[in-house]
Amino acid sequence: MKVYTHIICQARNSQRLLNKFSEKNIDIFKVKSLDDKMSFRIEDSALKQAREIMDKMAIDYTIESRGGKYLAGKMTLRYLSLIIPAVIVIAILTVLTRVCFTVDIIVDNGELREQISYILAENSVKPFMLKDKIDTSKLSYEISKNIDEIGFANCYFDGAVLKVEVKKVHVKEEQDVYDEIVADRDCIITKVLVYSGTALVKAGDVVKKGDVLIAGYVDTMPEDPENEENERFIVNADGLVYGETSYTKQLVLTAQVIDSVRTGKSYSTTQIYLFGKAIGKQKPVKYEEYEYTQESKIFGSAIPIKAVTTTYYETVKQVVELDELAIDEQISLAYVELWQSIPQDGKLLKNYIYKKKVDNLHIIDIYLIIEENIGAGK
């Protein structure tokens, strides 16, 4: 795009001046005579040559306006005090969104805290790391797997903080006694501890809800094939039976959602506050739907005056595509909700997240594989 400079000079020797410009291939535009003055425009890039010609001819001239790099430089200097802070703020916000500044281990047991800190160190997790270098799912699994006292761990980012929340395995001090212990859900048996009675299942068995796990009797000679000499005693069934169970949650998200989008129209108003009270009435917002930002400045020291500039942006409701970031946020919320539904004695074994898209729907299935006490009356 061409940018022009407007010049007014003496009309003396005007034809000679125009001839000189023509010799130097300087194009002249919008030439006008104003009594003893002449005004014209030239391309901003030819200004230096034009000034040399007019100086040699001793013609007085005035540059009325300029464009191009000159104006860009002037504007840059004028708004430099605003540009530099803006760049600094953007840089700080970028760092805050990408860097983990600290680690918050939410546990009231000092020994557990030390064990968790050791696992974090083994995985090279420390403050001031880039978030994308920290695998929160792997950390959650490692903590749950390697610390027996912890049944479930959840590692997640809260702003610039890596938070570690855990659920300790719940062990009853006194076990209630039952004539028989039955499965309260479908599962795969992982461990059987018999205190009293006879175990009817072993690790690896698949059981259904209602199956007897520990029966309330003891055989004196259980290995006798004919059982002739066997004597059976009735006892109270007591023990712990652990099984592998699963907790699932499904999300169904539409590929398109209605969201507020800025139209490009905006305006700003400034409200003055003296001693914390607004001066004058605030005008109603022009737009029916809008977003806004505010900037405050304080002037004076003895009597501080606060100026709050509010910029309103007109918005409209539009149908937009659901992006991956929004999907991941929904998954994180669902994951935490599912995690909170796990019983206290549960221990995380594995977790899976499956995503698929069908027509205009995103279908996400979350699975948490848990080891827990599955005996009824536990």
Side-chain angles (χ1 to χ4, degrees), residues 1 3-8 39 41 44 62-102 104 106 127-128 131 156-163 256-323 325-326 328-330 332-333 336:
M1 183 181 72
V3 182
Y4 300 98
T5 297
H6 183 208
I7 300 174
I8 297 177
S39 72
R41 292 185 181 182
D44 192 66
T62 303
I63 298 173
E64 289 293 307
S65 62
R66 290 190 62 183
K69 294 181 179 179
Y70 175 81
L71 285 181
K74 292 291 259 183
M75 294 293 287
T76 300
L77 290 174
R78 179 180 298 178
Y79 293 104
L80 188 61
S81 61
L82 297 176
I83 293 173
I84 292 176
V87 171
I88 292 173
V89 169
I90 292 172
I92 292 173
L93 290 176
T94 301
V95 170
L96 289 175
T97 56
R98 297 189 59 194
V99 175
C100 170
F101 283 96
T102 186
D104 183 12
I106 306 172
F128 303 104
K131 291 182 180 179
Y156 62 95
F157 288 110
D158 184 3
V161 179
L162 173 63
K163 292 198 172 185
Q256 294 180 326
V257 296
I258 298 176
D259 199 1
S260 295
V261 179
R262 294 183 182 182
T263 64
K265 296 181 180 180
S266 65
Y267 72 96
S268 299
T269 61
T270 300
Q271 181 72 51
I272 304 299
Y273 292 84
L274 185 61
F275 300 112
K277 293 185 178 181
I279 299 176
K281 294 183 178 180
Q282 189 172 7
K283 296 181 180 179
V285 181
K286 297 178 181 179
Y287 307 132
E288 291 184 3
E289 297 182 8
Y290 61 91
E291 297 174 352
Y292 70 92
T293 59
Q294 287 187 328
E295 181 182 7
S296 300
K297 291 184 178 179
I298 297 178
F299 307 91
S301 55
I303 303 178
I305 298 175
K306 182 179 180 182
V308 179
T309 299
T310 305
T311 302
Y312 297 94
Y313 303 89
E314 184 183 45
T315 63
V316 293
K317 297 294 186 183
Q318 288 186 1
V319 177
V320 298
E321 293 292 331
L322 191 67
D323 59 20
L325 181 60
D328 289 341
E329 288 178 352
Q330 292 295 322
S332 296
L333 292 173
V336 172

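Keep in mind the model is a prediction, meaning the values are calculated, not measured.
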Residue Glu288 excluded, over 12 heavy atoms near CD under 6.0 Å:
no

Can you see which heavy atom on Thr310 is nearest to which on Gln294, and at what distance?
OG1-NE2, 3.1 Å

If you look at every heavy atom in Ser266 and Tyr313, which pair is closest and at what distance?
CB-CD2, 3.7 Å

Minimal heavy-atom distance between Val285 and Tyr312, with the atoms involved, is CG2-CE2, 3.5 Å

So Ser260 and Lys317, do their side chains get closer than 4.5 Å, heavy atoms only?
yes

Closest non-hydrogen atoms of Gly280 and Gln271, given as atom of the first, atom of the second and distance, are O-NE2, 3.7 Å

Asp158 CG to Asp104 CG distance, which is reported to the nearest 0.5 Å
9.0 Å

Of all the heavy-atom pairs spanning Tyr290 and Tyr287, show the shortest one and how long it is.
CD2-O, 3.6 Å

Is the centre of the Phe101 ring less than 6.0 Å from the centre of the Phe128 ring?
yes

Using side-chain heavy atoms (C-beta onward) and a distance below 4.5 Å, is Arg98 in contact with Lys131?
no

Atom OH of Tyr267: over 12 foreign heavy atoms under 6.0 Å:
yes

For the OH atom of Tyr273 and the CD1 atom of Ile279, what is their distance to the nearest 0.5 Å?
10.5 Å

Working to the nearest 0.5 angstrom, can you tell me the gap between Leu274 CG and Ile305 CD1?
6.0 Å

Find the distance between NZ (Lys306) and NZ (Lys297) and round it off to the nearest 0.5 Å.
14.0 Å

How long is the straight-line distance from CD1 of Ile272 back to OG1 of Thr309, given to the nearest 0.5 Å?
7.5 Å

Restricting to non-hydrogen atoms, name the atom on Glu291 and the atom on Arg262 that form the minimum distance, rounded to 0.1 Å.
OE1-NE, 2.8 Å

